[in-house]
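Both backbone and side-chain heavy atoms feed into the values below; hydrogens, waters and symmetry mates do not. All ligand and atom numbering here is 1-based and tracks the order in the structure.
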Amino acid sequence: MPGFELFGDLERKEVNDVLDNGVLMRYGFDGMRNGHWKAKELEAELVNTFKTNHVQLVSSGTAAVSVALASAGVGAGDEVIMPTFTFVASFEAIMMLGAIPVLVDIDDTLTLDPKAVEAAITPKTKAVMVVQMCGSMGDLDALQSICTKHNLLFVEDACQAIGGTYKGKPLGSIGDLGCFSFDFVKTITCGEGGAVITNNKDYYLNADHYSDHGHDHEGNDRGAETHPFLGYNFRISELNAAVGLAQVKRLPEFIALQKKNYTILRDAISVLPEVTFRRVPEGGEESYAFLNFFLPDLETSRKVSSAFKDNGVDVCWNYFDNNWHYIREWHHLKDAKSLFPLSSEVRQGLENIKTTKFEQSDHFIGRNISCLIKLSWTEVEVKQRAENMVNIINSALL
Ligand SMILES: *Cc1c(COP(=O)(O)O)cnc(C)c1O
């Protein structure tokens, strides 16, 4: 997944354009910038990549989720349904708005179980946020129709899934709003950065304003601007956008490499009868950023992941005890009421998270192993890795 592995001359050239004129700010300074508008160019490039009407770059993927929700009117006291397996940014971005994260079970897609989503809807529910974890996706048609039926916003956190598709559409472009991260370890990196994408012009304009103190970006040189919308500062800098501009042009190359490496590993371990794979919904194509598979039980997957580690098979994890990605170890969320001045509604929401047993999520995350797919591996290295993985899994199963 990490685009930084192949950082090179193209990235340096784009960054040097910015350094040559010294305008590091994405807005204004029209006369000084020598025609270089890296953030604008990257937005235009991403409009094509995502086949969407509008793209708003922001400072991070976490900011993208907050800005997306805020621009569609989600705020204090609103409930946002999200999965138990994700990155901590999901609940952070919701709580930053004073909204309430409502966590629900995942299924064998490793993200939202539509049945669990439907059961969690209350009169306060405003949005459902699917997280397209590890390069694949949820049952997007089913989730979308639940949202349509209950008049809820459908948001995709596609931070880990750039390049994946569902029924021919890029992941991120299916919901009302899609969110991407370009942090240092994502498939496409800006160093730090993110994007909100949408076909809804109002949401887009709100996102544009909200991410820059409410400025409307009308006219030249920031002269004629007004503030039609409340805002903060979630801007990306020209330096970061310049890196992303070089990287995004290489996306097809990166996805092809991911697919090649993923396929070698998958083909090798799929001969083992005890190994099954994460379900990719019909019509979906992964981005191949990760290979996810299930072993028969938690004990075996713990054994295999530690044997991987001891035998040089790096970047493979069982997330059951991981405190970045899975609810079991999110003590800072469950005990957050003692740390932050949260509203009583948010406190109540966190109480629910604390007391709910997510047995179905434990069932899938406990048995799962998730292997990052690197871009820089040589074919010899991938084949050696595949052989090691098969041997290690085989001996764990004895
Ligand atoms: C990386 C990530 C984010 C946050 O992105 P940052 O740019 O690091 O803030 C959000 N959601 C998911 C699923 C991620 O993997």
Side-chain angles (χ1 to χ4, degrees), residues 1-4 39 42 46 55-70 80-97 99 101 103-104 106 109-112 127-138 140 143 155-164 171-172 174-175 177-197 207 211 232-237 239-241 243-244 247-248 258 278 286-290 292 315 317 319 322-327 330 333 361 365 368 370-373:
M1 168 158 96
F4 75 74
L42 177 52
L46 291 171
V55 173
Q56 177 64 43
L57 284 173
V58 291
S59 50
S60 70
T62 312
V65 176
S66 271
V67 170
L69 292 170
V80 180
I81 295 176
M82 57 166 272
T84 52
F85 174 53
T86 175
F87 178 55
V88 288
S90 303
F91 64 75
E92 292 166 353
I94 294 167
M95 290 171 74
M96 194 155 81
L97 302 170
L103 278 75
V104 306
I106 60 160
T109 63
L110 296 182
T111 189
L112 295 176
V128 172
M129 182 165 75
V130 66
V131 184
Q132 322 283 29
M133 275 302 273
C134 303
S136 185
M137 71 215 80
L140 299 180
L143 293 167
V155 180
E156 288 174 75
D157 174 342
C159 290
Q160 294 193 8
I162 191 169
L171 294 180
I174 292 134
L177 294 131
C179 307
F180 290 91
S181 164
F182 307 120
D183 77 20
F184 190 55
V185 297
K186 297 302 201 282
T187 303
I188 294 299
T189 185
C190 289
E192 298 283 1
V196 176
I197 74 171
S211 57
Y232 301 96
N233 177 1
F234 297 115
R235 290 187 306 258
I236 194 166
S237 85
L239 283 172
N240 294 93
V243 178
Q247 288 253 303
V248 81
Q258 282 179 177
R278 163 254 207 102
E286 295 181 73
S287 75
Y288 308 101
F290 292 81
N292 280 277
V315 297
W317 303 276
Y319 284 119
N322 181 295
N323 64 10
W324 289 95
H325 293 288
Y326 189 50
I327 188 168
W330 289 344
L333 172 67
S361 301
I365 293 300
N368 180 245
S370 190
C371 293
L372 181 80
I373 303 295

- Task: Would you please name every residue forming a side-chain hydrogen bond (donor to acceptor under 3.5 Å, both in side chains) with Ser66, sequence neighbours left out?
- Result: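 Applying side-chain hydrogen bond (donor to acceptor under 3.5 Å, both in side chains) to Ser66 gives none.
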- Task: I would like to know whether Trp317 and Leu372 meet side-chain contact (heavy atoms from CB on, under 4.5 Å); could you show each step before the answer?
- Result: CA-CA 9 Å; Trp317 303 276; Leu372 181 80; 4.0 Å; yes
- Query: Using the ring of each side chain (for Trp, its six-membered ring), is His325 parallel, tilted or perpendicular to Phe87, with breaks at 30° and 60°?
  - Reply: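 The rings of His325 and Phe87 sit tilted, inter-plane angle from 30° to 60°.
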- Applying side-chain hydrogen bond (donor to acceptor under 3.5 Å, both in side chains), name anything that partners Tyr319, two or more places apart in sequence or on another chain.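 Partners of Tyr319 under the side-chain hydrogen bond (donor to acceptor under 3.5 Å, both in side chains) test: none.
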Enumerate, one pair per line, all nitrogen or oxygen atoms of ligand 1 lying under 3.5 Å from a protein nitrogen or oxygen, stating the separation to 0.1 Å; write 'none' if no such pair exists.
{"unit_1": "ligand 1", "atom_1": "5 (O)", "unit_2": "Ser181", "atom_2": "OG", "d": "3.2"}
{"unit_1": "ligand 1", "atom_1": "7 (O)", "unit_2": "Gly61", "atom_2": "N", "d": "2.7"}
{"unit_1": "ligand 1", "atom_1": "7 (O)", "unit_2": "Ser181", "atom_2": "OG", "d": "2.7"}
{"unit_1": "ligand 1", "atom_1": "8 (O)", "unit_2": "Asp183", "atom_2": "OD2", "d": "2.6"}
{"unit_1": "ligand 1", "atom_1": "9 (O)", "unit_2": "Gly61", "atom_2": "N", "d": "3.4"}
{"unit_1": "ligand 1", "atom_1": "9 (O)", "unit_2": "Thr62", "atom_2": "N", "d": "2.9"}
{"unit_1": "ligand 1", "atom_1": "9 (O)", "unit_2": "Thr62", "atom_2": "OG1", "d": "2.5"}
{"unit_1": "ligand 1", "atom_1": "11 (N)", "unit_2": "Asp157", "atom_2": "OD1", "d": "3.4"}
{"unit_1": "ligand 1", "atom_1": "11 (N)", "unit_2": "Asp157", "atom_2": "OD2", "d": "2.7"}
{"unit_1": "ligand 1", "atom_1": "15 (O)", "unit_2": "Gln160", "atom_2": "NE2", "d": "2.9"}
{"unit_1": "ligand 1", "atom_1": "15 (O)", "unit_2": "Lys186", "atom_2": "NZ", "d": "3.2"}

- Query: Can you name the residues that form a side-chain hydrogen bond (donor to acceptor under 3.5 Å, both in side chains) with Ser370, not counting sequence neighbours?
  - Reply: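 Partners of Ser370 under the side-chain hydrogen bond (donor to acceptor under 3.5 Å, both in side chains) test: Asn292.
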- Val65 side chain near Met96 side chain, heavy-atom distance below 4.5 Å: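 No; the side chains remain at least 4.5 Å from each other.
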